[in-house]
There are 2 protein chains.
Amino acid sequence: MESSSAASGGSTRREATRQKLYEAAVTLIAEQGFSATTVDEIAERAGVAKGTVYYNFASKSVLFEELLRHGVGLLTASLREAAERTAREGGGKVDALDAMIRAGLVFIDRYPAFTQLYVAELWRTNRAWQSTLMVVRQQAVAVVEGVLRDGVAGGEFSEEIDVSLTASALVGMVLVAALDWKSFQPERSLDDVHAALSRLLQGRVSGCR
Amino acid sequence: MESSSAASGGSTRREATRQKLYEAAVTLIAEQGFSATTVDEIAERAGVAKGTVYYNFASKSVLFEELLRHGVGLLTASLREAAERTAREGGGKVDALDAMIRAGLVFIDRYPAFTQLYVAELWRTNRAWQSTLMVVRQQAVAVVEGVLRDGVAGGEFSEEIDVSLTASALVGMVLVAALDWKSFQPERSLDDVHAALSRLLQGRVSGCR
DNA sequence: GAATTTGAACTGACTGGTCAGTGCAAAAAC
DNA sequence: GTTTTTGCACTGACCAGTCAGTTCAAATTC
């Protein structure tokens, strides 16, 4: 009979409160950082009693860790989807990279606070959720690396390229450009930003005389 | 007879303790974040009493702000020097960009903790030192933008490029690649990393078939 | 050149406040 | 009638910032 649960993951009501808590936590932590954000603030912004936070999550750090997992899961899925879509449509690996750049921009456009918070935590050492972060980072970067590797194997990219470093650099390019976009020129359109990054990717800035 | 001070900037002893405090603070804050790092920890690692911190800096945030200013000052000077050197040696703007990439890598190689901490704070809003951070960021990015602008004016780069976005993207490329290098593949050489990024800059990954 | 003074630099115990996490009885939702 | 949420008082640890007192090297005096 499965009692009162929705299809997959537990009761709907509970899921809704958890979602509210995620949303409250993500913006507050993006603004202030993890330690500077209090559980009382999170509860207040979510419109929920403090006790409810602890009814739903074992601790403040657990809430944060699940938030990270949840967010990066969305990003990874989106990147993977973009790569697969171009493959289905018969595009080359350059098109796949370009589509992933766009997917990254769309993600950041939609979840700027999450991105901000993720970047702020990624290279920290000595934190409780460091291992979670590493796992989850690898999932996302692996998608980009996969496309690069396939491109090299298929002769579309030079054999000289360093897959993992290039993947990091591409991620960095999109990440920083997008965060600056959102922070300092939020009025610009996504297409505009995408065009600028495409141009850079294809070496039309400094190569290809 | 000018009493007990050394030539220019206040007593030497004081300057030495401030330096020790900077060094202690930068690593601790890079590891744990600003709020999670206590003044007691900073004092202990610097081998100094807590009171000394407050004798030398008005508050924890002021210490941090001065640290930021100090660090970004070093970076900006280094980028500017790289650009000027290539100009003196008759290199083009592509060479200047390449030299700045190297200068960025050298800086991050030398001050990884500072870089880490800077990235973690850069896109936060609502923090006391936000305005300091903006000013200081602009100084560094402006150097890259200047080279791009000159390159466009001199016909070396396409007129289509978006200067400020491209500058952000380039900074991001170097930043993320270097942080990943230091965090996950620290055994690699700087030349190696530099070569990979040069290749990407010159479009030899996906453009220029 | 020994004795004394000066003051910048430093010390560390202490204070007042903040915050994660708890406990629980009653209400609401399902 | 079970699950979830509420409201709120409470605890104990932790921490930024303070301040009365100490140190010591250079300057001054004798």
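Chain letters run A, B, ... following the sequence lines, proteins first and then strands; every chain starts at 1.
Shown here are the salt bridge (charged side-chain N to carboxylate O under 4.0 Å, His left out) partners of A:Arg18, two or more places apart in sequence or in another chain: A:Glu66. With sequence neighbours excluded, the residues forming a side-chain hydrogen bond (donor to acceptor under 3.5 Å, both in side chains) with A:Arg45 are A:Thr27, listed by chain and number. In this structure A:Asp180 satisfies the salt bridge (charged side-chain N to carboxylate O under 4.0 Å, His left out) test together with B:Arg137, sequence neighbours excluded.
The distance between atom CG of B:Leu21 and atom P of C:dT11, rounded to the nearest whole Å, is 10 Å. B:Arg18 places its CZ atom 10 Å from the P atom of C:dA9, with the value rounded to the nearest Å.
Rounding to the nearest 0.5 Å gives a distance of 4.5 Å between CG of B:Leu97 and CZ of B:Phe157. Remark: A:Leu75 CG to A:Arg80 CZ distance equals 10.5 Å, nearest 0.5 Å.
Applying the 4.0 Å criterion to OP1 and OP2 of D:dT5, one finds that A:Asn56 has a side-chain N or O inside that range.
Look at A:Asp95 and A:Arg85 and you find no salt bridge, because none of the NZ, NE, NH1 or NH2 atoms lies under 4.0 Å from a carboxylate O. Under a 4.0 Å N-O distance rule, the pair B:Arg199/A:Glu160 qualifies as a salt bridge. Ion pairing between a basic and an acidic side chain is recognised when a charged N comes within 4.0 Å of a carboxylate O; A:Glu23 and A:Lys20 show no such pairing.
Counting only distance, with no hydrogens or angles, the side chain of A:Arg69 and the backbone of A:Thr132 share no donor-acceptor pair below 3.5 Å. Between the side chain of B:Thr86 and the main chain of B:Ala83, a donor-acceptor pair closer than 3.5 Å is present. Looking at A:Gln116, its side chain does come within 3.5 Å of a backbone N or O of B:Trp123 through a donor-acceptor pair.
With C:dC19, D:dG17, D:dC15 as the choices, the nucleotide that has an atom nearest any side-chain atom of B:Thr38 turns out to be D:dC15.
Of the residues in residues 27-35 of chain B, not one comes within less than 4.0 Å of DNA chain C through any heavy atom.
Within the nucleic acid shown, B:Thr37 comes within 4.0 Å of sugar-phosphate atoms alone, with no base atom in reach, counting heavy atoms only.
Between A:Ala58 and A:Ala36, the one whose closest nucleotide on DNA chain C sits nearer the 5' end is A:Ala36.
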Task: Pairing pattern in dot-bracket form [Watson-Crick, G-U; both distances under 3.5 Å; | = partner strand] for DNA chain C - done: ||||||||||||||||||||||||||||||
Protein and nucleotides 6-9 of chain D: nitrogen or oxygen contacts under 3.5 angstrom:
| residue | atom | partner | partner atom | Å |
| --- | --- | --- | --- | --- |
| D:dT6 | OP2 | A:Ala49 | N | 3.1 |
| D:dT6 | OP2 | A:Thr52 | OG1 | 2.5 |

